[in-house]
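Sending over a structure as structure tokens; questions will come in a sec.
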Protein chains: 4
Amino acid sequence: MNKVILMGRLTRDPELRYTSNNLAVCSFTLAVNRGFAKQGEERQADFIPIVVWDKQAEFCSKYFTKGLQVAVVGRIQVRSWDDNEGKKRYTTEVVANEVYFADSKKSDIADKVQDPQLAEPADGFYPLEEDDELPF
Amino acid sequence: MNKVILMGRLTRDPELRYTSNNLAVCSFTLAVNRGFAKQGEERQADFIPIVVWDKQAEFCSKYFTKGLQVAVVGRIQVRSWDDNEGKKRYTTEVVANEVYFADSKKSDIADKVQDPQLAEPADGFYPLEEDDELPF
Amino acid sequence: MNKVILMGRLTRDPELRYTSNNLAVCSFTLAVNRGFAKQGEERQADFIPIVVWDKQAEFCSKYFTKGLQVAVVGRIQVRSWDDNEGKKRYTTEVVANEVYFADSKKSDIADKVQDPQLAEPADGFYPLEEDDELPF
Amino acid sequence: MNKVILMGRLTRDPELRYTSNNLAVCSFTLAVNRGFAKQGEERQADFIPIVVWDKQAEFCSKYFTKGLQVAVVGRIQVRSWDDNEGKKRYTTEVVANEVYFADSKKSDIADKVQDPQLAEPADGFYPLEEDDELPF
DNA sequence: TTTT
DNA sequence: TTTT
């Protein structure tokens with residue numbers, strides 16, 4: 001079991017790319033605030049990279065914008081890679097398989113969108129093919 | 001482990017009451033929409049009763065109103081009681097110990113509220129005393 | 001958003017039935033303990049009804065037994081029905097779309113099971129047809 | 001909102017340390033398997049670093065061992081630091097505030113342990129003091 | 001008894 | 001590199 005639920009704001013507009021296999025991947029960072037502000041201090045936040053695949057990727061790319069408050073459900077993924085000195089590095093991101101508007105005005109969209117594909121979110125363990133590597 | 005995360009809208013203004021022990025309890029119902037709308041159909045929803053205790057109860061009572069979109073984290077609780085024919089009945093509710101605005105405009109409040117008590121949410125298994133029965 | 005994560009023990013062997021549409025449905029109750037025991041007291045528990053559909057239903061029926069510790073991920077569903085006096089009654093259950101062994105010995109099974117269908121859990125909002133009513 | 005729920009096995013015995021402020025911190029890595037095995041392939045896993053504070057830290061250090069299956073609830077935390085070339089690096093971990101045995105035999109312990117302190121898990125935003133930096 |  |  002590997003479940004993550006986040007609510008936060010996009011730090012930038014999302015980026016949409018395609019794998020060599022022509023599968024859509026959308027990426028953005030969520031600023032997730034921690035608790036309430038302390039007297040005289042700014043609220044702290046965690047900046048968490050999110051990756052979304054396929055139909056959901058296109059949905060995010062179309063409707064999400066910088067500053068928008070959204071909620072996502074997904075799983076934590078830890079990828080390892082070698083830096084240019086040949087040292088092993090680790091990248092952690094949240095692979096989201098459900099995305100929501102957490103914003104009054106925008107959440108009306110969900111009432112209008114009727115793409116049946118969107119009603120069946122890709123499951124948490126997306127069946128990536130050998131060549132469906134992340135394009136970044 | 002017993003964890004529930006919901007996002008939905010209040011079907012009415014919340015109700016604030018006090019136990020005989022003078023502990024605040026706030027209750028409301030969340031309408032949680034299911035997936036996306038089918039062509040020509042209305043979106044379906046689950047109507048889920050929420051209970052919040054103590055400081056958080058007063059917070060909800062103060063800031064939450066009918067129609068507002070909010071998110072809650074809590075646990076499922078099943079209470080049994082006897083109806084007037086002496087038959088055992090079951091009531092299921094979500095006891096929330098974290099509450100959030102899922103609404104752009106209202107979520108500004110979190111940046112301004114500085115009650116340190118609110119920064120330490122009551123934990124999921126609230127140490128209710130013998131006489132801290134639900135007042136409803 | 002409507003997300004539930006539970007870990008607990010089956011109070012009985014699960015029951016497997018089929019809808020008129022021949023879709024498998026498995027149901028059981030999870031006893032989910034609350035926190036730790038108080039001195040001299042028994043641990044309290046919530047008894048939460050679980051419903052599982054399709055392939056996952058058959059999986060549960062095959063491998064789950066009374067007393068086994070398992071974990072489930074799903075959503076809360078509130079169904080209304082009329083009792084024999086014509087009064088509206090409400091039933092709350094958790095519709096699980098991911099199920100796990102939370103038990104050392106049994107969790108080995110997951111290493112051996114290779115049904116690709118099981119790797120793609122039905123999503124949270126199962127597309128029930130008009131006649132896929134719960135058979136109970 | 002920042003919620004993580006994981007179930008997996010410890011890759012090593014946990015490590016217990018103390019901050020300069022004498023607060024206990026326990027750290028370990030969870031191997032969380034992804035879905036089911038593919039034909040002829042090994043199951044893949046994510047290796048996720050976990051941090052636990054205070055009473056819970058001492059609990060984990062006492063009862064958790066390499067290979068044990070456990071479940072945790074917490075939040076994702078992203079820390080930044082400067083490497084020895086002065087480059088900004090990011091470390092992601094899960095700060096757990098609830099820990100459970102997901103293992104038949106060990107979960108009996110929870111029935112016996114009666115430390116009231118353990119019944120009140122530290123909340124997700126632990127009020128770390130200025131000098132309660134992670135000791136690693 | 002239900003929200004947008 | 002960060003959001004309100």
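In what follows, chains are A, B, ... by sequence order, proteins preceding strands, each numbered from 1.
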**Prompt:** Roughly, in whole Å, what's the span from CG in C:D82 to P in E:dT1?
**Reply:**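 In whole Å, E:dT1 P and C:D82 CG are 8 Å from each other.
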**Asked** Whole Å only: how far is the CG atom of A:L30 from the C1' atom of F:dT3?
**Response**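 In whole Å, F:dT3 C1' lies 9 Å from A:L30 CG.
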**Request:** Can you tell me the distance, in whole Å, between the CG atom of B:D46 and the P atom of E:dT1?
**Result:**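 It works out to 15 Å between those atoms.
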**Asked** E:dT4, E:dT2, F:dT3: which one has an atom nearest the side-chain heavy atoms of B:T11?
**Response**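 Nearest to the side chain of B:T11 among the choices is E:dT2.
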**Spacing of B:F101 atom CZ relative to F:dT3 atom C1', expressed in whole Å** =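 So the CZ-C1' distance, B:F101 to F:dT3, works out to 18 Å.
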**Prompt:** Where the side chain of D:K88 is defined as all heavy atoms beyond and including C-beta, which of F:dT1, E:dT3, F:dT3 is the nearest nucleotide?
**Reply:**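 The answer is F:dT1.
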**Prompt:** Would you say the side chain of D:V51 lies within less than 4.5 Å of the side chain of D:V94, judging by non-hydrogen atoms?
**Reply:**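 When only atoms from C-beta onward are counted, D:V51 and D:V94 do not touch, as no gap falls below 4.5 Å.
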**Message:** From CG of A:D13 over to C1' of F:dT2, roughly how many Å is that when rounded to an integer?
**Reply:**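 After rounding, the reported distance stands at 13 Å.
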**Message:** Nearest to the C:Y90 side chain among E:dT2, F:dT2, E:dT4, which nucleotide is it?
**Reply:**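 Nearest listed nucleotide: E:dT2.
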**Item:** Close side-chain approach of A:D82 to A:K87, heavy-atom, < 4.5 Å
**Value:**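 SC-SC contact between A:D82 and A:K87 ruled out.
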**Asked** Over how many whole Å does the gap from B:L68 atom CG to E:dT3 atom P extend?
**Response**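 About 15 Å, once rounded to whole Å.
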**Prompt:** Choosing from F:dT4, F:dT2, E:dT3, which nucleotide comes nearest the side chain of B:A31?
**Reply:**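 Closest of the options to the side chain of B:A31: E:dT3.
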**Message:** A quick test of your reading: do over 12 heavy atoms of other residues, nucleotides or ligands sit less than 6.0 Å from CZ of B:R12?
**Reply:**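 Result for CZ/B:R12: open.
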**Asked** Hey, is B:F47 stacking on E:dT3? Ring centres under 5.5 Å, planes under 30°.
**Response**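 Here the ring of B:F47 and the base of E:dT3 are not stacked, as the 5.5 Å and 30° limits are not both satisfied.
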**Message:** Measuring only between side-chain heavy atoms, which start at C-beta, is A:L68 closer than 4.5 Å to A:R9?
**Reply:**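 SC-SC contact between A:L68 and A:R9 ruled out.
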**Prompt:** Tell me: NZ of C:K87 to C1' of E:dT1, nearest whole Å?
**Reply:**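 That distance rounds to 13 Å.
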**Interatomic distance, A:Q69 CD vs F:dT4 P [rounded to whole Å]** =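 That distance rounds to 11 Å.
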